[in-house]
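Here the structure comes first, spelled out in structure tokens, and everything after it is commentary.
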Number of protein chains: 2
Amino acid sequence: MLSESDKKILRILQQEGRITNHELAARCGMSPSACLERLRRLRERGYILGYAALLNPEKLGQPLLIFIEVTLDRTTGDVFREFAEAVRGRPEIVECHMVAGGFDYLLKLRMPDMTSYRTFLTHLAEMPGVRETRSYPVIEEVKSGVALPL
Amino acid sequence: MLSESDKKILRILQQEGRITNHELAARCGMSPSACLERLRRLRERGYILGYAALLNPEKLGQPLLIFIEVTLDRTTGDVFREFAEAVRGRPEIVECHMVAGGFDYLLKLRMPDMTSYRTFLTHLAEMPGVRETRSYPVIEEVKSGVALPL
DNA sequence: GCGCCAAACCGAAGGATCTTCGGGTTCTCT
DNA sequence: AGAGAACCCGAAGATCCTTCGGTTTGGCGC
């Protein structure tokens, strides 16, 4: 289903998404045309979802990284849908995962400073169904990658 | 420090990292050469860290997304350094953040299935300084992006 | 062994793209 | 007004993409 050459291509593209096809082919030990054909099929079959530029949060005024655990009121079944909808409307929420365990949602945020974080907390408390939140500011990013193990 | 044109370029590149310079210039309403010059400076000044292909975790046999909170023994000061070092050696750990709050580290994992997760837990328990862990399997990914708000 | 087929590969070539360069425009400050 | 900086444009050679026909490789049945 996925040859060793394909994996090598994906591994390289995870690190250098804008590498030229020539360079990619050279590193994989094949011709550009063969490499391009593999690449085309990988994208067609859904292995590659897209490409993204990785920006520097600090340079762009978003140095604060914060995780927030959110617990909802379980009064109605629509609460989860409404909360998820509200999350999509807030760009500072980079990630939002519904989890099994002691709480309902785990949020990942990028923020300029503590003041804007304070304002966000009041907005969060007003979002539909929110009963309780616990915040965890990130002190040090030991590992922060988009790369999957292959 | 960062013009409106620059922001527009960054916004587009976050969504489509492999867009051609021609297309990018057209969408920003400028000539390809002007656009390329801005792009070059954005990269040079550290606003753009790099580019990455976004792969499909399910197609690549890593459908499980799990967060784990880790608490360490505070016996020695080296514990944090040793733990961070061990984390770097495990590719299934996609992210690792040292946080302030009720625990010490928050891990984000990609896993093939519950069996491999079970084996990982034993490895995790054997990592230096680990006292306690709490796992939160992700049921639904409401939002999972790399895009920063601009 | 032998022929057949599919899959993968290669190299060439036309078309598209990148990237540099010289020059023009706009704006500000003196 | 004049100088200079910052920004922009269009042209042109170099590079790259992408398609195409032909070749090799590796099964598979006869």
Side-chain angles (χ1 to χ4, degrees), chain A residues 1-63 112 145-150, chain B residues 1-63 112 145-150:
Chain A
M1 198 67 186
L2 204 62
S3 76
E4 199 52 47
S5 298
D6 291 324
K7 286 192 213 166
K8 197 181 286 185
I9 289 177
L10 292 179
R11 258 193 295 266
I12 294 175
L13 279 180
Q14 279 196 126
Q15 307 295 333
E16 302 175 49
R18 243 188 156 174
I19 191 176
T20 67
N21 186 50
H22 268 76
E23 175 76 14
L24 182 62
R27 285 208 217 163
C28 294
M30 62 175 93
S31 76
S33 53
C35 188
L36 195 71
E37 170 63 13
R38 286 190 175 276
L39 195 57
R40 189 188 61 76
R41 270 168 38 196
L42 283 172
R43 163 163 270 250
E44 220 168 45
R45 295 181 184 173
Y47 288 94
I48 301 177
L49 299 176
Y51 299 89
L54 304 178
L55 307 187
N56 190 334
E58 280 135 39
K59 290 287 254 178
L60 291 164
Q62 312 274 348
V146 290
L148 260 58
L150 296 179
Chain B
M1 197 67 186
L2 203 61
S3 76
E4 199 54 45
S5 298
D6 290 325
K7 287 192 210 165
K8 197 181 286 186
I9 289 176
L10 293 178
R11 258 193 295 266
I12 293 175
L13 279 180
Q14 278 195 129
Q15 307 296 333
E16 302 174 50
R18 242 187 157 174
I19 192 175
T20 68
N21 187 48
H22 269 77
E23 174 77 13
L24 182 62
R27 285 208 217 164
C28 295
M30 61 174 97
S31 75
S33 52
C35 188
L36 195 72
E37 171 62 14
R38 286 191 175 275
L39 196 57
R40 190 189 60 76
R41 269 166 39 195
L42 284 171
R43 165 164 268 248
E44 219 167 45
R45 295 181 184 174
Y47 288 94
I48 300 176
L49 299 175
Y51 298 88
L54 304 178
L55 307 186
N56 190 335
E58 279 134 40
K59 290 288 256 178
L60 290 164
Q62 312 274 348
V146 291
L148 261 56
L150 296 178

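Just so it is clear, the values below take in all heavy atoms, side chains as well, and ignore hydrogens, waters and symmetry mates. Proteins come first, then strands; the chains are lettered A, B, ... in the order of their sequence lines, and each starts at number 1. These numbers were taken from a predicted model, which means no experiment stands behind them.
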Nucleotides 24-29 of chain C: which of its N/O atoms have a protein N/O under 3.5 Å away?
none

With the threshold set at 4.0 Å, does a side-chain nitrogen-carboxylate oxygen contact exist between A:Glu23 and A:Arg18?
no

Nearest heavy-atom neighbours spanning B:Glu37 and B:Arg40
OE2-NH2, 3.0 Å

Could you tell me how far apart A:Leu24 (CG) and C:dC9 (P) are, to the nearest whole angstrom?
13 Å

Rounded to the nearest angstrom, tell me the gap between atom CD in A:Glu37 and atom P in C:dC9.
9 Å

Side chain to side chain, B:Leu55 and A:Leu13, heavy atoms closer than 4.5 Å
no

In whole angstroms, how far is the P atom of D:dA6 from the CE atom of B:Met30?
17 Å

Identify the two heavy atoms, one from A:Ala25 and one from A:Cys35, that lie closest to each other, and give their separation to 0.1 Å.
CB-CB, 3.6 Å

For residues A:Lys7 and A:Leu2, determine if any side-chain heavy atom of one lies less than 4.5 Å from a side-chain heavy atom of the other.
yes

Where is the tightest heavy-atom contact between A:Gln14 and A:Leu150, given as atom of each residue plus distance?
NE2-CD1, 4.2 Å

With side chains defined as the heavy atoms from C-beta onward, is the minimum distance between A:Asp6 and A:Arg38 less than 4.5 Å?
yes

Going by an N to O cut-off under 4.0 Å, is there a salt bridge joining B:Arg41 and B:Glu44?
no

Answer yes or no: is there a side-chain heavy-atom contact under 4.5 Å between B:Ile48 and A:Leu54?
no

Atom pairs, protein N/O to nucleotides 21-25 of chain D N/O, distance under 3.5 Å:
none

Side-chain contact, heavy-atom cut-off 4.5 Å: B:Lys8 with B:Met30?
no

What string of B, S and - do you get for nucleotides 13-19 of chain D, 5' to 3', when a contact is any protein heavy atom under 4.0 Å?
---SBBB

Which nucleotide, C:dC10, C:dA8, D:dC7, lies nearest any side-chain atom of A:Ser31?
C:dC10

